*Asks:* 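Here's a structure for you.
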Amino acid sequence: MTDHHTYGTSTHTADELVRLVSDRLGLVFTKRESDYRGVYHLADSLDGEIAIQPNPIPGDDGEDDLYLPEHPEARVILLTTTEALDPGPQMRLGAVEGLIRLS
């Protein structure tokens with residue numbers, strides 16, 4: 001069973017959130033670029049991955065679109081995908097000031 005969680009923040013930039021999450025979870029993030037997601041940061045672990053990206057992403061018309069339009073207040077989002085339900089990372093992410101679980 002795959003477990004997905006989405007978090008958002010209006011407090012931190014993507015780079016700040018990468019540093020905070022790296023410190024909490026001991027992960028190394030790699031900066032990547034995508035036409036669909038814009039510039040984002042990805043950390044792979046043995047049981048899944050964590051991505052940090054801006055909510056506004058480049059649109060085809062030159063205007064930014066929201067990756068999560070239902071959460072326009074979140075400037076930066078964090079997406080987790082793990083193979084099994086593991087509450088440990090969710091608890092450590094919940095302790096990051098300004099990071100709110102969206103789903």
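Heavy atoms only: backbone and side chains are in, while hydrogens, waters and symmetry mates are out. Worth saying up front: this structure is predicted, and the values here are computed from it rather than measured.
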*Asks:* Measuring from Arg37:CZ to Gln53:CD, what's the distance to the nearest 0.5 Å?
*Replies:* 4.5 Å
*Asks:* More than 12 foreign heavy atoms under 6.0 Å from CD of Glu70: is that the case here?
*Replies:* yes
*Asks:* For residues Leu68 and Val76: do they belong to one hydrophobic cluster (side chain heavy atoms under 4.5 Å, members Ile, Leu, Val, Met, Phe, Trp, Tyr)?
*Replies:* no
*Asks:* Would a distance-only check, ignoring hydrogens and angles, find a side-chain to backbone donor-acceptor pair under 3.5 Å from Asn55 to Tyr67?
*Replies:* yes
*Asks:* If we ignore hydrogens and angles and just use 3.5 Å, is the side chain of Asp65 paired with the main-chain N or O of Ile57 as donor and acceptor?
*Replies:* no
*Asks:* Taking atom CD of Glu33 and atom OH of Tyr40, what is their separation to the nearest 0.5 Å?
*Replies:* 10.0 Å
*Asks:* Where is the tightest heavy-atom contact between Arg75 and Pro56, given as atom of each residue plus distance?
*Replies:* O-CD, 3.5 Å
*Asks:* Which atom names give the shortest non-hydrogen contact between Ala74 and Gly8, and what distance separates them?
*Replies:* CB-CA, 4.0 Å
*Asks:* With Ile50 as reference, evaluate Leu42, Leu79, Leu25 under the side-chain contact (heavy atoms from CB on, under 4.5 Å) test and give the passing residue.
*Replies:* Leu25
*Asks:* Answer whether the closest heavy-atom distance between the side chains of Val96 and Leu17 falls below 4.5 Å.
*Replies:* yes
*Asks:* With distance as the sole criterion, is a donor-acceptor pair present between the side chains of Thr80 and His5 under 3.5 Å?
*Replies:* no
*Asks:* Val18, Leu99: one ILVMFWY side-chain cluster at the under-4.5 Å cut-off?
*Replies:* yes
*Asks:* From Thr9 OG1 over to Glu97 CD, what is the distance, rounded to the nearest 0.5 angstrom?
*Replies:* 9.5 Å
*Asks:* First locate atom OH of Tyr7, then atom CD1 of Ile52, and finally report the distance between them rounded to the nearest 0.5 Å.
*Replies:* 12.0 Å
*Asks:* With no hydrogens and no angle check, is any side-chain donor or acceptor of Thr6 less than 3.5 Å from a backbone partner on Ser103?
*Replies:* no
*Asks:* Taking the side chain as C-beta and beyond, is there a heavy-atom pair between Leu20 and His12 under 4.5 Å?
*Replies:* yes
*Asks:* Looking at residues at least two apart in the chain, or sitting in another chain, which of them share a side chain to side chain donor-acceptor pair (under 3.5 Å) with Arg24?
*Replies:* none
*Asks:* At their closest point, which heavy atom of Val28 faces which heavy atom of Ala43, and how far apart are they?
*Replies:* O-CB, 3.5 Å
*Asks:* Could you grab the distance from atom OG of Ser10 to atom NE2 of His71, nearest 0.5 Å is fine?
*Replies:* 12.5 Å
